[in-house]
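I have placed the structure first, in the form of structure tokens, so that the comments after it can refer back to it.
Model, not experiment: these values are computed from the prediction. Throughout, numbering of the chain's residues begins at 1 and tracks the sequence. Computation of the quantities below employed the complete heavy-atom set of this structure, encompassing side-chain atoms and omitting hydrogens, waters and symmetry-equivalent molecules. Each ligand, and each atom within it, is numbered from 1 in the order the structure gives.
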Amino acid sequence: MAGSEQPAQPGTLYVVSTPIGNLRDIGLRALDVLRSVDSIAAEDTRVTQGLLAAYGITRPLTALHEHNEATVTPRLIARLQGGESLALVSDAGTPGISDPGAHLVRTARAAGVPVVPIPGPSAAATALSIAGIASPQWLFYGFLPAKAQARRQALQGLVALPFHLVFYEAPHRILHCVADLAAVLGPERELILARELTKRFEQVACLRLGEAQAWLSADADRQRGEFVLIVAGAGPADGAEPAAARQVLATLLEELPASQAARLAAKLTGRKRSELYRLALDLKPEAGDQP
Ligand code: SAM
């Protein structure tokens, strides 16, 4: 009888983590799911094809990335609502962590589609596991802004935080990024630089922020590949007070030349004007003038 059919049970959306380098880091459950779903939504289908081929898996692939997710998501949701199962993967690591996925997951949940995580590697957790950080608190920031001014501004908001800070960075920005980290957070903080994790040229260096640029420049190979940077938070070692002075100074430097910013920051924080002027030049070399 027309209209008496039961609506189809929705299929499940599986959010599947994949390796960040070494293909053997895939989980058994991830393999089970990738083998059994009706189709796979992948950030870059060629990258995922390589992973599937390594495990002899052949499933239909749909591209889902930041540029098409608004148009592709409704079609995927319709298929899920029709009873098909779908796995979401990104190029590497865990979808939704500095990767596409959030839009599809939210839309699926709102549509009553079950969303099931299949956990596995993520570059941040991998780097933290070998960072040797005693403090249990850390803050995952992901990618800083690409443009210098926005990057410095973002870092200024982090200066006084007492937590380790975890950043992702791409090779073409790594030198500028560590220079800004040192200028804004101060050269003394400890940096764990984790490069090419789980890959052939994996490298982990423990440095001071002020040493990082020279370390990277000493060998062009050190600037290649993918990076996780873990930076110590503002702690008793560098003190909340200098961090606060740094923040005041950085704010003033947005409007004023270095000498004026240093003079006002000295009044506001009680720190030495000469020290603040030097810091102002570190933070914003182009703001230099005669003190
Ligand atoms: N979703 C991924 C995750 O769960 O880690 C992150 C994707 S994000 C687009 C890519 C960034 O993650 C890289 O630019 C790098 O900062 C970091 N990354 C990914 N693989 C890495 C690796 N093998 N070693 C170091 N960093 C890596």
Quiz item: Can any side-chain N or O of S129 pair as donor or acceptor with the backbone N or O of T126 at less than 3.5 Å?
Solution: yes
Exercise. Only counting residues at least two apart or in another chain, list the ones meeting salt bridge (charged side-chain N to carboxylate O under 4.0 Å, His left out) with R79.
Key: E84
Quiz item: For E254, does the CD atom sit with more than 12 other heavy atoms under 6.0 Å from it, leaving out its own atoms?
Solution: yes
Exercise. Using atom types as modelled and distance alone, determine if a side-chain donor or acceptor of Q223 lies under 3.5 Å from a backbone N or O of L216.
Key: yes
Quiz item: For the residue pair Y55 and L23, what are the closest heavy atoms and their distance?
Solution: OH-O, 2.7 Å
Write out each pair where an N or O from ligand 1 and one from the protein are under 3.5 Å apart, with the distance.
unit_1   : atom_1 : unit_2 : atom_2 : d
ligand 1 : 1 (N)  : A92    : O      : 3.3
ligand 1 : 1 (N)  : T94    : O      : 2.9
ligand 1 : 1 (N)  : I97    : O      : 2.8
ligand 1 : 1 (N)  : D99    : OD2    : 2.8
ligand 1 : 4 (O)  : T94    : N      : 2.9
ligand 1 : 4 (O)  : S122   : OG     : 2.8
ligand 1 : 5 (O)  : S122   : OG     : 3.2
ligand 1 : 5 (O)  : A123   : N      : 2.8
ligand 1 : 5 (O)  : Y168   : OH     : 2.7
ligand 1 : 16 (O) : E169   : N      : 3.2
ligand 1 : 16 (O) : E169   : O      : 3.4
ligand 1 : 16 (O) : F227   : O      : 2.6
ligand 1 : 20 (N) : E226   : OE1    : 3.3
ligand 1 : 23 (N) : I20    : O      : 2.9
ligand 1 : 23 (N) : L197   : N      : 3.4
ligand 1 : 23 (N) : L197   : O      : 2.9
ligand 1 : 24 (N) : L197   : N      : 2.9

Self-check item: Shortest non-hydrogen contact from A212 toward L207
Solution: CA-CD1, 4.0 Å
